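Below, chains carry the letters A, B, ... as their sequence lines are ordered, and counting in each starts from 1. These numbers were taken from a predicted model, which means no experiment stands behind them. Below, all heavy atoms of this structure are taken into account, side chains as well, without hydrogens, waters or symmetry copies.
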Number of protein chains: 2
Amino acid sequence: MTRLRHYQQIHHTLKQEIQQGVYPTGSLLPSENELCATFQTTRMTVRQALNELVRDGFIERRHGKGSLVTSTRPSLGLLSFRGFSDVVGNTSHQVRTTFLNPPAPADWPAPFVYPLSADEQQAGCIAINRLRYADDVPVMLEHTFVPIQNATASLLTEPFLDGSLFRTLSVRHQIDIRNLEQSLRAVAARPEQATIFGCRRNTPLLYIERRYLTSLPDFYVYSLLYCHTEQYAISNIL
Amino acid sequence: MTRLRHYQQIHHTLKQEIQQGVYPTGSLLPSENELCATFQTTRMTVRQALNELVRDGFIERRHGKGSLVTSTRPSLGLLSFRGFSDVVGNTSHQVRTTFLNPPAPADWPAPFVYPLSADEQQAGCIAINRLRYADDVPVMLEHTFVPIQNATASLLTEPFLDGSLFRTLSVRHQIDIRNLEQSLRAVAARPEQATIFGCRRNTPLLYIERRYLTSLPDFYVYSLLYCHTEQYAISNIL
DNA sequence: AAGTGGTCTAGACCACGCC
DNA sequence: GCGTGGTCTAGACCACTTT
């Protein structure tokens, strides 16, 4: 393990403080010069840490003003995934998530859509089945598979932070989502899916296979998503 | 118009040279120190230009080696096709594009899916209707609308560079795609679409509405995409 | 060993926002 | 006018890759 660079230390500290509410959404971080004094370094180093926070989607920089906190949860901006609460249309929609069953250890589905490493295969996974609502209309059925590791085992016993898997992984386990690969298709609703969404059989559904890449090498999270898009489109999935 | 910063000048020069083939895919850019000498500046400034090229997706930086050219065109928002037989999506498919009719001036469809400015509304648009094939199977019907401006009028008379609209805009008119907003749905194939794709009516299609944001303020490009995903899934290139 | 990019210092001046 | 972030200089040492 290579030594943590100074700017990474600063980035990590500020990220945690943002996530813990020290700097709420809409507030300003300390100025670059203040941060230089705090962390005993120069602007160049502080700026590198702040640029990382921009890339993460936590802050925006305002010339002549300061670093504005725009979000207290990770969203990686352009080359990024967006959590469901950001995905559906305008943020004015009320979003709710239910668990179809509690997160439970399971075998990997066979065959699985993504190739699995021997370690993943052997360790098994935690299966998380959730149904997302927009304005109390069921719109997304999400099957998530998290490989079982030391860090992830506690997902089985402790409730998710704010009901969010990724927020829990980030805050409690320092595992951040860095990127995703996804594959998109349109499919016809199977009977059980039609029942869940309250639509006719064979209604077109948006089907998305996702592999999330994380800050932990060789640790991936997998999701299969079925979206009922007759009333709500899915936006900004990049 | 504010003066072009030095690092922007360097970024622009290198980008053009990459696009023009001076540095082909797989080659290395001059080292930071060489670029410092060439552009009469310091590493800090050169590095900022190189970081922009990384963000654009043109190069990757290799510690101890150099700046590797990974692409001669910006990949933002492009879609790739992934056959069901592909294990990891590494398999590349032969992709071909045909024009259903030549690019022609047109009125905006009414109603249009995105709100238009008064300028856009009045200027009208160039309508481009293309059909994309993967391995000679028709997989994507793309309706693109480009507002008519001084810069874009020549799209009507000159053929596209490499058949690519975005490459033409970038190389010939210095208009780069910076970002996109998109909205996704699954819809049932209409009869004329079923004919084009050679599928049954009501086959589920992936429908994508896109607004591309460009380096030109208030200049957007719009696309409506219909994708037949029974044989080929759509992957986002991030 | 030599060359590359990665990190970092200690300054400087400029452009923007606010009072 | 003052503080902010944006740009830039001229160095330094470190870590990685190749020879």
For [N] and [X] - does any side-chain N or O of the residue sit under 4.0 Å from the phosphate oxygens OP1/OP2?
{"X": "T42(A)", "N": "dG11(C)", "result": "no"}
{"X": "S31(B)", "N": "dT4(C)", "result": "yes"}
{"X": "Y7(B)", "N": "dC8(D)", "result": "no"}
{"X": "S67(A)", "N": "dT4(D)", "result": "no"}
{"X": "T45(A)", "N": "dT7(C)", "result": "no"}
{"X": "Q48(A)", "N": "dC8(C)", "result": "no"}

If I take atom [atom1] in residue [X] and atom [atom2] in nucleotide [N], what distance separates them, rounded to the nearest angstrom?
{"X": "R47(A)", "N": "dT7(C)", "atom1": "CZ", "atom2": "C1'", "result": "16 Å"}
{"X": "N33(A)", "N": "dA12(C)", "atom1": "CG", "atom2": "P", "result": "13 Å"}
{"X": "R43(B)", "N": "dT7(D)", "atom1": "CZ", "atom2": "P", "result": "19 Å"}
{"X": "E34(A)", "N": "dG3(D)", "atom1": "CD", "atom2": "P", "result": "11 Å"}
{"X": "R62(A)", "N": "dG5(D)", "atom1": "CZ", "atom2": "C1'", "result": "12 Å"}
{"X": "R61(A)", "N": "dG3(D)", "atom1": "CZ", "atom2": "C1'", "result": "14 Å"}
{"X": "M44(B)", "N": "dC13(D)", "atom1": "CE", "atom2": "P", "result": "20 Å"}
{"X": "L35(A)", "N": "dC8(C)", "atom1": "CG", "atom2": "C1'", "result": "16 Å"}

- Worked verdict on L50(B) versus L35(B) for side-chain contact (heavy atoms from CB on, under 4.5 Å): CA-CA 10 Å; L50(B) 292 172; L35(B) 293 172; 4.1 Å; yes
- Kindly point out which of dG6(D), dC8(D), dC8(C) is positioned nearest to the side chain of E32(A)?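 It is dG6(D).
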- Task: Can you figure out which of dC8(D), dG17(C), dT17(D) approaches the side chain of K65(A) most closely?
- Result: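 Closest nucleotide to the K65(A) side chain: dG17(C).
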- Under the criterion ring pair (Phe, Tyr, Trp, His ring centres under 6.0 Å), which of F112(A), F145(A), Y212(A) is the partner of Y222(A)?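 That would be F112(A).
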- side-chain contact (heavy atoms from CB on, under 4.5 Å) between T144(A) and R130(A), worked out: CA-CA 8 Å; T144(A) 304; R130(A) 289 175 287 187; 3.5 Å; yes
- Take E32(B) and R61(B), measure what salt bridge (charged side-chain N to carboxylate O under 4.0 Å, His left out) needs, and give me the verdict at the end. CA-CA 11 Å; E32(B) 295 185 355; R61(B) 312 274 263 128; 2.5 Å; yes
- Message: Is the distance between the ring centroids of Y220(A) and Y114(A) under 6.0 Å?
- Response: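 Judged by ring-centre distance (under 6.0 Å), Y114(A) and Y220(A) do not meet the cut-off.
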